[in-house]
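Every chain is numbered from 1 and lettered A, B, ... according to where its sequence line falls, protein lines coming before strand lines. Since the structure is predicted, the reported quantities are computational estimates derived from the model, not experimental observations.
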Number of protein chains: 2
Amino acid sequence: MNIQFKKGVLEICVLSVLAHKDCYGYELVNEISKRIDISEGTIYPLLHRLKDEGHVTTYLQESAGGAPRKYYRLTESGRKEEHEQKEEWMQFCASVNALLEGKNHAAD
Amino acid sequence: MNIQFKKGVLEICVLSVLAHKDCYGYELVNEISKRIDISEGTIYPLLHRLKDEGHVTTYLQESAGGAPRKYYRLTESGRKEEHEQKEEWMQFCASVNALLEGKNHAAD
DNA sequence: CACAGTATCTTGCGTTGCAAGGTACTTACC
DNA sequence: GGTAAGTACCTTGCAACGCAAGATACTGTG
């Protein structure tokens with residue numbers, strides 16, 4: 001899969017999954033991987049960025065086997081961001097598809 | 001507009017426009033700018049890359065006012081690439097949209 | 001004890017788009 | 001003639017992002 005396509009999109013993917021339920025990082029990788037190939041080296045820096053920007057908060061929870069899980073929960077600002085980026089993505093998608101279909105004039 | 005969304009997509013946009021007609025660089029910027037914000041500093045390196053990879057050939061043509069125009073024409077390999085990247089983009093788009101809609105299971 | 005599985009994190013690299021700047025030609029205006 | 005604006009090309013250095021690779025730590029199994 002074209003790595004470049006993913007740039008910026010993984011962020012809205014993470015926000016969108018978190019909008020449905022709180023997740024820990026490893027879980028997010030598994031969820032998103034069902035649709036889009038993603039690695040751990042990508043998700044953790046992304047989650048830290050989202051936390052720095054105030055879009056998520058975290059809380060620890062013990063796990064049956066293995067290290068304790070760090071859950072991520074969307075904040076109000078995170079929900080707003082999710083909504084805005086979703087709109088932006090759909091608008092972008094429509095623009096690209098119009099271009100690929102040869103409808104090159106904005107006035108169509 | 002989110003700059004990151006464009007990564008990799010501008011290449012298929014250029015290939016797609018060139019699949020309809022030969023264009024010169026400045027023209028491509030104008031065509032694509034109707035839908036997606038793009039600058040000259042992006043398009044020229046991209047065109048050189050496409051030429052290096054053998055996806056386009058070039059020919060010069062005089063212009064009424066201003067510098068001579070360098071037209072870009074898709075090669076066979078370029079047409080193949082256009083087709084493949086278009087498929088890939090549409091597949092990617094569908095995956096992302098499924099994720100954003102909460103259909104997180106590949107078996108849906 | 002060694003290994004696999006779960007779960008987190010960091011470092012350095014490659015790719016790509018962009019702002020900013022430069023070149024060169026033509027037309028229009030003063 | 002000089003200056004500006006428009007057309008058209010190009011290059012350099014920067015910033016953002018995803019990834020491979022590796023490190024850490026805990027649990028359960030052989």
Side-chain angles (χ1 to χ4, degrees), chain A residues 1-15 22-33 35-53 55-56 58-72 85 88-89 92 95-96 99, chain B residues 1-15 22-33 35-53 55-56 58-72 85 88-89 92 95-96 99:
Chain A
M1 180 187 290
N2 189 331
I3 292 178
Q4 301 304 320
F5 284 167
K6 301 183 205 173
K7 298 279 169 89
V9 175
L10 292 183
E11 182 171 329
I12 172 62
C13 288
V14 166
L15 289 172
D22 294 3
C23 285
Y24 51 99
Y26 199 77
E27 188 183 11
L28 277 168
V29 173
N30 289 332
E31 282 291 318
I32 295 176
S33 287
R35 296 287 193 180
I36 299 167
D37 195 41
I38 188 181
S39 72
E40 298 166 34
T42 301
I43 209 93
Y44 289 111
L46 203 171
L47 287 168
H48 293 327
R49 198 161 64 242
L50 288 176
K51 193 176 179 186
D52 285 347
E53 291 167 354
H55 297 322
V56 299
T58 58
Y59 56 95
L60 281 174
Q61 204 158 293
E62 308 242 333
S63 99
R69 295 164 172 170
K70 187 186 276 184
Y71 278 83
Y72 293 82
Q85 285 205 26
E88 223 182 311
W89 164 253
F92 176 77
S95 295
V96 172
L99 253 176
Chain B
M1 180 187 290
N2 189 332
I3 291 177
Q4 301 304 320
F5 284 168
K6 301 182 204 172
K7 298 280 168 90
V9 174
L10 292 182
E11 183 171 326
I12 172 62
C13 287
V14 166
L15 288 172
D22 294 3
C23 284
Y24 52 99
Y26 200 76
E27 188 184 12
L28 277 169
V29 173
N30 290 331
E31 283 291 319
I32 295 177
S33 287
R35 297 287 193 178
I36 299 168
D37 196 41
I38 189 182
S39 73
E40 296 170 36
T42 301
I43 209 93
Y44 289 112
L46 201 170
L47 287 168
H48 294 326
R49 198 161 63 239
L50 289 176
K51 193 176 181 186
D52 285 346
E53 291 167 355
H55 298 320
V56 299
T58 58
Y59 56 95
L60 281 173
Q61 205 158 293
E62 308 242 333
S63 98
R69 294 164 173 169
K70 186 185 278 185
Y71 279 83
Y72 292 83
Q85 285 205 24
E88 223 181 312
W89 164 252
F92 177 77
S95 296
V96 172
L99 253 177

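- Whole-Å rounding puts the M1(A) CE to dA20(D) P distance at 13 Å.
- At whole-Å resolution of the value, CG in L28(B) and P in dG17(C) are 14 Å apart.
- Rounded to whole Å, the distance from NZ on K7(B) to P on dC18(C) is 8 Å.
- We find that CD1 of I3(A) is positioned 17 Å from P of dC13(C), with the value rounded to whole Å.
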Determine, step by step, whether E40(B) and Y26(B) satisfy the side chain to side chain contact (heavy atoms under 4.5 Å, CB included) criterion, reporting the C-alpha distance in whole Å, the side-chain angles of both residues, the deciding distance to 0.1 Å, and the verdict. CA-CA 7 Å; E40(B) 296 170 36; Y26(B) 200 76; 3.6 Å; yes
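- For L46(B), counting side-chain heavy atoms from C-beta on, the closest listed nucleotide (dC17(D), dC18(C), dG17(C)) is dG17(C).
- Taking every heavy atom of both residues into account, Q61(B) and Y59(B) meet most closely at OE1-CE1, 3.6 Å.
- Rounding to the nearest 0.5 angstrom, the gap separating the CD1 atom in I38(A) from the SG atom in C13(A) is 7.5 Å.
- Of the inter-residue distances, the one linking L47(B) atom CG with D52(B) atom CG reads 11.0 Å to the nearest 0.5 angstrom.
- A donor-acceptor contact shorter than 3.5 Å is absent between the side chain of E53(B) and the backbone of L50(B).
- Taking atom CD1 of I43(B) as the reference point, atom C1' of dC18(C) lies 13 Å away to the nearest angstrom.
- Put simply, CG on D52(A) is 14 Å from C1' on dC9(C), counting in whole angstrom units.
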For nucleotides 8-11 of chain D, which of its nitrogen or oxygen atoms have a protein nitrogen or oxygen under 3.5 Å away, and what is each distance?
from	atom 1	to	atom 2	distance (Å)
dA8(D)	OP1	R69(B)	NE	2.3
dA8(D)	OP1	R69(B)	NH2	2.2
dA8(D)	OP2	Y24(B)	OH	3.2
dC9(D)	OP1	K70(B)	N	2.9
dC9(D)	OP1	K70(B)	O	3.4
dC9(D)	OP2	G25(B)	N	3.4
dC9(D)	OP2	Y26(B)	N	2.5
dC9(D)	OP2	Y44(B)	OH	2.7
dC9(D)	O5'	Y44(B)	OH	3.3
dC9(D)	N4	E40(B)	OE1	2.9
dC10(D)	OP1	K70(B)	NZ	2.5

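- Per the geometry, NZ belonging to K6(A) stands 12 Å off C1' belonging to dA20(D), to the nearest Å.
- Within 4.0 Å of N2(B), counting heavy atoms only, lies no atom of the nucleic acid at all.
- For dA16(D), neither phosphate oxygen OP1 nor OP2 lies less than 4.0 angstrom from any side-chain nitrogen or oxygen of R49(A).
- Expressed to the nearest 0.5 Å, how far SG of C23(A) lies from OH of Y71(A) amounts to 8.0 Å.
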Pairs of donor and acceptor atoms involving the side chains of residues 1-11 of chain A, under 3.5 Å and at least two apart or interchain, shall be tabulated with distances.
from	atom 1	to	atom 2	distance (Å)
N2(A)	OD1	Q4(A)	N	2.9
Q4(A)	OE1	K7(A)	NZ	3.3
K6(A)	NZ	D37(A)	O	2.8
E11(A)	OE2	Q85(A)	NE2	3.0

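- Whole-Å rounding puts the Q4(A) CD to dT16(C) P distance at 5 Å.
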